[in-house]
Every structure is written in structure tokens, then in C-alpha cells.
Amino acid sequence: MKKCSFNKSLYSKAALLKAAYHFTDRFYVYLDMDDANYLVELIAKDGIDDRYVQEEFSNEILAQSTREEILRQTANIRELILGRAFGSTIMDAAPEETTDTPPAEQTDKIFRDWYEA
């Protein structure tokens with residue numbers, strides 16, 4: 001069993017939860033908090049080496065925090081790119097309505113079974 005704590009002012013709750021989720025395949029993860037820290041308890045599942053689990057968890061919560069910060073910093077540019085992508089697909093005018101019916105020979109080709117010779 002390994003216990004570690006992470007300062008609330010440095011790491012967000014979302015980063016902690018993402019890091020903890022990343023470890024659930026190999027460890028039982030128990031989370032708690034006090035006034036200043038998030039408290040993490042990791043218990044290895046059967047056959048799992050837990051020598052470096054604290055270091056691995058520290059790296060993972062740092063990675064999740066970094067992803068969160070990059071997501072925050074690039075939010076505007078991603079919104080612009082998505083807006084531009086969706087904006088280029090908008091049609092300017094409604095399609096013209098036609099009352100023309102296709103000639104009989106064209107409808108025969110359209111409605112013919114593919115497997116007919």
C-alpha cells in the first residue's frame with residue numbers, strides 16, 4: 001500500500017481523477033482530501049509490482065495537469081477552427097424545388113435490382 005498527497009493549489013480535481021482512473025487497471029485507488037491536499041492511497045492488485053507507483057502517479061497527475069492547461073490555452077483556436085470548418089459547410093440558399101419527374105427509362109435504371117442481369 002502506497003500513500004501520497006498532492007497540493008490542491010497545484011493540481012485540479014479533474015487532473016487527479018483522470019490520473020487515478022489511469023491506474024485502476026493495476027491498482028485499487030482510494031481518494032480523499034483534507035484542507036490543503038488531495039490524499040491518494042494505491043493498493044496493488046495481485047501480481048503487480050508497486051515499487052515505483054508513487055513516482056508513476058506523480059508523473060501521471062503532472063501529465064493530466066499539463067493536458068488541462070494546454071486545453072485551456074488553446075480553447076480559442078480550436079473554437080475558431082471548428083467554426084471555420086462548420087461555416088464552410090453552410091449552404092447559402094435553399095435548393096430550388098423542381099417538379100420535373102425523371103423520364104421512364106431513367107427510373108427503370110434507378111429502381112432496378114442490382115442483381116438483375
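Numbers here simply count residues along the sequence, with the first being 1.
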Determine whether a donor-acceptor pair (N or O, by modelled atom type, separation under 3.5 Å) exists between the side chain of S12 and the backbone of A15. yes
Side-chain donor or acceptor of R78 paired with backbone N/O of L71 under 3.5 Å: yes
Separation of [Y] [atom2] from [X] [atom1] (nearest 0.5 Å):
X	Y	atom1	atom2	result
K8	D35	NZ	CG	6.5 Å
S58	Y11	OG	OH	6.5 Å
N59	Q54	CG	CD	12.0 Å
F27	M1	CZ	CE	13.5 Å
K3	E41	NZ	CD	5.0 Å
D32	N37	CG	CG	11.0 Å

Same hydrophobic cluster for [X] and [Y], using side-chain heavy-atom links shorter than 4.5 Å among ILVMFWY?
X	Y	value
Y28	L16	no
V40	M33	yes
L31	L62	no
F6	Y30	no

Do Q64 and E60 have a side chain donor and acceptor closer than 3.5 Å?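 Note: Q64 and E60 side chains meet the donor-acceptor criterion.
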Any idea which heavy atoms bring K13 and Y38 closest together, and the distance?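 Heavy atoms of K13 and Y38 come nearest at N-OH, 3.3 Å.
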Audit row: F23, F57, ring-ring contact (aromatic ring centres under 6.0 Å, His included) steps and yes/no: CA-CA 8 Å; F23 277 71; F57 195 91; 5.2 Å; yes
Evaluate side-chain contact (heavy atoms from CB on, under 4.5 Å) for D34 paired with L39, printing each intermediate quantity in order. CA-CA 7 Å; D34 59 22; L39 308 172; 4.2 Å; yes
Please determine whether a side-chain nitrogen of the Lys or Arg among K2 and E56 lies less than 4.0 Å from a carboxylate oxygen of the Asp or Glu.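 Result for this pair is no, no salt bridge flagged.
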